[in-house]
Amino acid sequence: MLRVATWNVNSLRVRLPQVLAWLGDVEPDILAMQETKTQDLDFPAAAFAEIGYAVVCNGQKTYNGVAIASRTPGSILATALPGYDDTQRRFLAMRFGDVQLIDVYVPNGEDVASDKYRYKLEWLAALRDFLARSGTGAKTIVLGDFNIAPDDRDVHDPAAWQGQVLVSDPERTALKRLFDTGVQDCFRLFDQPAGLYSWWDYRAGALHRNHGLRIDLILASANLAARCRQCRIDAAPRRWERPSDHAPVLAEFDV
DNA sequence: ATGGTAGTTTGACTA
């Protein structure tokens, strides 16, 4: 059994106690983190080592940053999207045995009229090209904060969100192009109750009113998706003291 | 209702 998880921690400096507590409770084999907001020199690797996790980080000051913690060490495949010039740390590809695991923090996009939105669509196109080239015939997991709700089931109020960033058609089309390379959304491999989300805005009582979106995804190539036994969102940490605005998502594979 | 809160950083910027 391989148990992998993704969590946008929104500052590892602030969230380290929650992350360590969650790892201790759930004990996934691999946790992919986003928005660590931590330079590699400041990364709290020793705290992860103390609870039995090796960690590889790809961070920067103040913004962005990804990292992968794992029970057994893996090898680094890439720390940036090949062929895409990007000053922002949003990508970390590693190999664990015969599984390649790609941790992504897709740009937020801010607003459909902004330059950041065009950057988001470019970034997603580059990710698609990378997946197409690297091939999903091998066992591949792509997980992280995609900053896109795949369809209206993943949106608390589709009418209010229609056309907005995180939900807009061009973003959803870009996500479908990722699926076209052969990866599948593990959450939708199973019957799921309505109203399950992975992100709730800090503002306006969004959590209390379950005004959320499902934007944190675990995608798996067909050979792994066929062996996926479970995919769930663990909403509990979103209700802890001083939480991230995202909840962790977990998938289990029979491999 | 272009608000609201949080993190980084100490004034904005990002989300």
Side-chain angles (χ1 to χ4, degrees), chain A residues 6-22 31-44 47 57-67 80-81 86-92 103-124 127 143-150 154-168 170-172 174-175 197-217 233 235-249:
Chain A
T6 178
W7 195 1
N8 179 323
V9 298
N10 187 17
S11 172
L12 194 58
R13 186 197 310 260
V14 170
R15 225 68 65 201
L16 183 62
Q18 290 93 324
V19 172
L20 296 177
W22 189 80
L31 172 63
M33 290 167 273
Q34 305 85 39
E35 281 205 273
T36 54
K37 300 185 177 180
T38 304
Q39 297 178 102
D40 293 349
L41 282 171
D42 299 328
F43 197 92
C57 52
N58 182 27
Q60 65 184 93
K61 198 177 177 183
T62 309
Y63 299 122
N64 310 312
V66 289
L81 267 173
D86 193 358
T87 59
Q88 303 187 14
R89 303 288 186 151
R90 301 179 171 277
F91 183 94
L92 179 58
D103 180 9
V104 297
Y105 175 45
V106 174
N108 171 282
E110 189 185 39
D111 182 275
V112 295
S114 74
D115 288 343
K116 295 195 190 78
Y117 182 79
R118 290 196 290 119
Y119 166 57
K120 180 180 196 172
L121 294 180
E122 282 178 14
W123 203 94
L124 287 161
L127 178 59
L143 75 176
D145 178 359
F146 284 76
N147 270 314
I148 303 169
D154 305 310
V155 182
H156 72 90
D157 185 346
W161 278 87
Q162 187 174 27
Q164 301 294 310
V165 74
L166 311 184
V167 167
S168 74
E171 292 166 85
R172 285 177 166 174
L175 186 60
Y197 309 117
S198 67
W199 170 81
W200 300 260
D201 200 301
Y202 284 121
R203 300 165 289 188
L207 177 67
H208 178 67
R209 300 194 280 174
N210 197 29
H211 286 185
L213 303 178
R214 189 177 69 91
I215 58 178
D216 299 273
L217 311 178
I233 299 164
R238 183 63 179 82
R239 297 186 290 267
W240 291 354
E241 283 290 310
R242 210 171 184 196
S244 169
D245 46 352
H246 295 252
V249 183

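Throughout, a chain's letter reflects where its sequence line sits, starting with A, and its residues are numbered from 1.
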Practice task
Specify the separation, in whole Å, of atom CE of Met33(A) and atom C1' of dG7(B).
Solution key: 18 Å
Problem - Interatomic distance, Asp111(A) CG vs dT2(B) P [rounded to whole Å] - result: 14 Å
Practice task
Please identify each residue that fulfils side chain to side chain contact (heavy atoms under 4.5 Å, CB included) with Leu20(A), with sequence neighbours left out.
Solution key: Leu16(A), Ala47(A), Phe48(A), Ile51(A)
Problem - P-based separation of dA12(B) from dA1(B) [nearest Å] - result: 28 Å
Handout entry: Atom P, compared across dT2(B) and dA15(B): separation rounded to whole Å
Key = 22 Å
Using the ring pair (Phe, Tyr, Trp, His ring centres under 6.0 Å) criterion, which residues pair with [X]? Sequence neighbours excluded.
X         : answer
Tyr117(A) : none
Tyr197(A) : none
Trp22(A)  : Trp7(A)

Taking only distance into account, with no hydrogens and no angle test, what donor-acceptor pairs under 3.5 Å do side-chain atoms of residues 157-167 of chain A form with protein atoms, sequence neighbours excluded?
unit_1	atom_1	unit_2	atom_2	d
Asp157(A)	OD1	Ala159(A)	N	3.4
Asp157(A)	OD1	Ala160(A)	N	3.2
Trp161(A)	NE1	His156(A)	NE2	3.0

Problem - Asn147(A) versus Tyr105(A), side-chain donor and acceptor atoms under 3.5 Å - result: no
Extract from the structure each pairing of a protein N or O with an N or O of nucleotides 13-15 of chain B at less than 3.5 Å, listing the distance.
unit_1	atom_1	unit_2	atom_2	d
dC13(B)	O2	Tyr63(A)	OH	3.4
dT14(B)	OP2	Lys116(A)	NZ	3.2

Handout entry: Side-chain N,O (Arg15(A)) to OP1/OP2 (dA6(B)) below 4.0 Å
Key = no
